[in-house]
Amino acid sequence: MNVSPPVTRQELLDRAKSIAGLTIQQLANKSNACIPESTTHAKGWFGNLLELSLGANAASAPEPDFVNLGIELKSIPIDDNGKPKESTYICVTQLDPVALSSWESSLVKCKLTEVLWVPFEANKNTPVPLRRIGSPVLWQANQAQEKQLKDDWQELCDMIVLGDIDKISSSMGKYLQIRPKAAHSKCLTKDKNQSGENTLTLPRGFYLRPAFTYSIISQANH
DNA sequence: GCGTGATCATAA
DNA sequence: TTATGATCACGC
């Protein structure tokens, strides 16, 4: 099945609503997709199926999934209580001071301008095909949320620009955190900070803490 | 290696 | 039980 990109945000939301309540098995059938027995070696599998099902541009580029709408698609695993099981990956942490000069032009803000969150059951005791898809939430940060994200981002980026990236801990940041994002811990990328010569460091990414994503997806019940 | 999609596995 | 640090798969 080849799904064309949605033309309007309402169309996108309608499509997401139409798959809410389905099991992963039912959604996979629509796309003639095979379900992995375990997600251990297919970590991004559901996210990819969701993109396919909703008509996202399958490009692996640092831009929103629905470029024409400026909307990012995120699947989010929840437990029996509806709480996120994991933090949510946003994007890589750029190490170029120029790219980090302002929140307004940051990759993080770009990705989080508007997000379609699609929760799904991820209880270990439930076989993958029987897990159900939840109600989608189309979200934009309110003023308080954006301020906190910006503050976290600014604090973390200040450290990167100053050459203190190795001092950054995942425990920093209230909503936003920086953690490793690589194939393995031996990966290296160039770190061109203000302190002088270029060094190599482990690639990292920005993540949203579960407490924050929970406040977002529970908006649906407010 | 970089960027996409993320979850795994173990220490705290 | 939770969160940090590490890792899996894929296209290019």
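As the structure is a prediction and not an experimental result, all values here were calculated from the model. First the proteins, then the strands, lettered A, B, ... as listed; each starts at 1.
Residue A/Leu50 contributes atom CG, which lies 11 Å from atom P of B/dT7 at whole-angstrom precision. Following rounding to the nearest Å, A/His184 (NE2) and B/dA9 (P) show an atom-to-atom distance of 17 Å. One can place NZ of A/Lys124 at 12 Å from P of C/dT2, the figure rounded to the nearest angstrom. Between the CG atom of A/Leu49 and the P atom of C/dA9 there is a distance of 19 Å, rounded to whole Å. One atom, OH of A/Tyr89, and another, C1' of B/dG3, lie 6 Å apart when rounded to the nearest Å. In this structure, the CD1 atom of A/Ile168 is 17 Å from the C1' atom of C/dA3, given to the nearest Å. As rounded to whole Å, 14 Å separates atom P of C/dT7 from atom CZ of A/Arg179. Rounded to whole Å, atom P of C/dA3 lies 10 Å from atom NZ of A/Lys83.
For A/Tyr207, the side-chain atoms get nearest to C/dA6 when compared with the rest of C/dA6, C/dA9, B/dG5. Ranking B/dA9, B/dC2, C/dA6 by closeness to the A/Thr189 side chain, first place goes to B/dC2. Relative to the side chain of A/Lys74, the nucleotides B/dG5, C/dT7, C/dT4 differ in distance, and B/dG5 lies closest. In the set B/dT7, C/dA9, B/dC2, the nucleotide with an atom closest to the side chain of A/Phe120 is B/dT7. Distance from the side chain of A/Lys181 is smallest to C/dC8 among C/dC8, C/dA6, C/dT4. Of the candidates B/dG1, B/dG5, C/dC8, the closest approach to any side-chain atom of A/Asn48 belongs to B/dG5. With C/dA9, B/dG3, B/dT7 as the choices, the nucleotide that has an atom nearest any side-chain atom of A/Thr39 turns out to be B/dT7.
Counting distance only, with no hydrogens placed and no angle test, the side-chain atoms of A/Lys85 and the base atoms of B/dT7 include no donor-acceptor pair under 3.5 Å.
Counting any heavy atom pair closer than 4.0 Å across all strands shown, A/Gly47 reaches sugar-phosphate atoms only and no base atom. Nucleic acid contact for A/Thr88: none, since no nucleic acid atom lies under 4.0 Å from a heavy atom of the residue. Counting non-hydrogen atoms under 4.0 angstrom, A/Pro77 reaches the backbone sugars and phosphates but no base. Residue contacts shown for A/Ala182 include a base, since a base heavy atom lies under 4.0 Å away. The residue A/Glu72 sits close only to the backbone: its heavy atoms come under 4.0 Å of sugar-phosphate atoms, none of a base.
The residue among A/Ala42 and A/Ser170 whose nearest nucleotide of DNA chain C lies closer to the 5′ end is A/Ser170. Between A/Ser185 and A/Glu86, the residue anchored nearer the 5' end of DNA chain C, judged by the nucleotide with its closest heavy atom, is A/Glu86.
Heavy atoms from other residues, nucleotides or ligands lying under 6.0 Å from CD of A/Glu37 number 12 at most. No more than 12 heavy atoms of other residues, nucleotides or ligands sit less than 6.0 Å from atom CD of A/Gln143. Counting non-hydrogen atoms of other residues, nucleotides and ligands closer than 6.0 Å to NZ of A/Lys17 gives a total of 12 or fewer. Heavy-atom contacts from other residues, nucleotides or ligands closer than 6.0 Å to CZ of A/Arg15 number more than 12. For A/Lys109, the NZ atom counts as densely surrounded, since its 6.0 Å shell holds more than 12 non-hydrogen atoms of other residues, nucleotides or ligands.
With A/Lys74 as the partner, the side chain to side chain contact (heavy atoms under 4.5 Å, CB included) test is satisfied by one option alone out of A/Val115, A/Ile90, A/Ile216, A/Leu116: A/Val115.
A/Phe120 and A/Phe46 have tilted rings, their planes meeting at an angle from 30° to 60° on a 0 to 90° scale.
From one end of the helix from B/dG1-C/dC12 to B/dA12-C/dT1 to the other, with five pairs defining each end axis, the axis direction shifts by 30° (rounded to 10°).
Checking the phosphate oxygens (OP1, OP2) of C/dC8, no side-chain nitrogen or oxygen of A/His41 falls inside 4.0 Å.
One finds no salt bridge joining A/Asp96 and A/Lys190 here, because no Lys/Arg side-chain nitrogen approaches an Asp/Glu carboxylate oxygen to under 4.0 Å.
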